[in-house]
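Let me begin by presenting the structure, written as structure tokens, before commenting on it.
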Amino acid sequence: MMRHYETSDSIREMITFFLPYCDDKITLQILLRMSECLEPWDEADALYERIRQKTIIARKKNDSRSLAQYAFEECCAKTLYNMSKPATPFSEDTPFWVIPLGFRFACALELPDPYAFSSQLDDDSDQRFRFM
């Protein structure tokens with residue numbers, strides 16, 4: 001199991017990778033700042049709600065690329081929030097969805113190497129083949 005700082009470092013790595021490919025960077029940038037320190041993790045719940053509203057709009061527009069981005073963002077926000085040890089956390093399996101949703105996002109972006117978004121999925125990793 002990863003320690004909190006390792007989890008936040010991994011989230012930060014993924015967000016940093018995805019940022020240049022996104023038109024809508026605002027909530028990604030906020031998540032990036034949240035991943036850099038312990039203090040704002042308890043604010044990630046409110047950010048999740050903000051992202052959720054964007055998801056609803058993207059769903060109405062049938063915007064699959066934005067839906068993939070916001071699903072990834074929602075999962076990152078939930079994970080950071082849960083790391084603040086709240087009284088009412090999101091589902092405890094939330095962190096396990098970050099990489100699969102990142103992979104889905106990378107595929108939606110039509111990147112040449114959809115595994116490049118995370119060092120957790122380097123060429124020597126058995127993880128690469130679990131998301132195909």
**Message:** Between Phe72 and Leu67, is there shared hydrophobic-cluster membership here, with clusters defined by ILVMFWY side-chain heavy atoms closer than 4.5 Å?
**Reply:** no

**Asked** Which word best sums up how the rings of Phe90 and Tyr81 line up, parallel for under 30°, tilted for 30 to 60°, or perpendicular for over 60°?
**Response** perpendicular

**Heavy atoms of other groups near Asp93 CG, more than 12 under 6.0 Å** = yes

**Residue Ile56 excluded, over 12 heavy atoms near CD1 under 6.0 Å** = yes

**Item:** Side-chain heavy atoms of Cys22 within contact of Leu28, under 4.5 Å
**Value:** yes

**Item:** Cluster overlap Ile26 with Phe17, hydrophobic side-chain contacts below 4.5 Å
**Value:** yes

**Prompt:** Is Ile15 reachable from Leu121 through a run of I, L, V, M, F, W or Y residues, each pair having side-chain heavy atoms under 4.5 Å apart?
**Reply:** yes

**Request:** Quickly, which of Thr55, Leu101, Ile57, Asp63 forms a side chain to side chain contact (heavy atoms under 4.5 Å, CB included) with Tyr70? Name it, please.
**Result:** Thr55

**Complete:** Looking only at heavy atoms, the pair that brings Tyr21 and Leu111 closest together is CE2-CD2, 3.5 Å

**Request:** Could you give me the CA-CA distance, side-chain angles and deciding distance for Glu74 and Arg52, then say whether salt bridge (charged side-chain N to carboxylate O under 4.0 Å, His left out) is met?
**Result:** CA-CA 7 Å; Glu74 285 181 16; Arg52 193 77 189 132; 3.0 Å; yes

**Fill in**
Residues Phe18 and Leu109: closest non-hydrogen pair is CD2-CD1, 3.7 Å

**Request:** May I ask whether Tyr48 and Met14 are part of the same hydrophobic cluster, defined by side-chain heavy atoms of I, L, V, M, F, W, Y residues being less than 4.5 angstrom apart, directly or through others?
**Result:** no

**Complete:** The residue among Leu80, Ile11, Leu19, Thr79 that forms side chain to side chain contact (heavy atoms under 4.5 Å, CB included) with Leu31 is Leu80

**Request:** Looking only at non-hydrogen atoms, find the nearest pair between Gln69 and Asp24 and report the distance.
**Result:** NE2-O, 2.8 Å

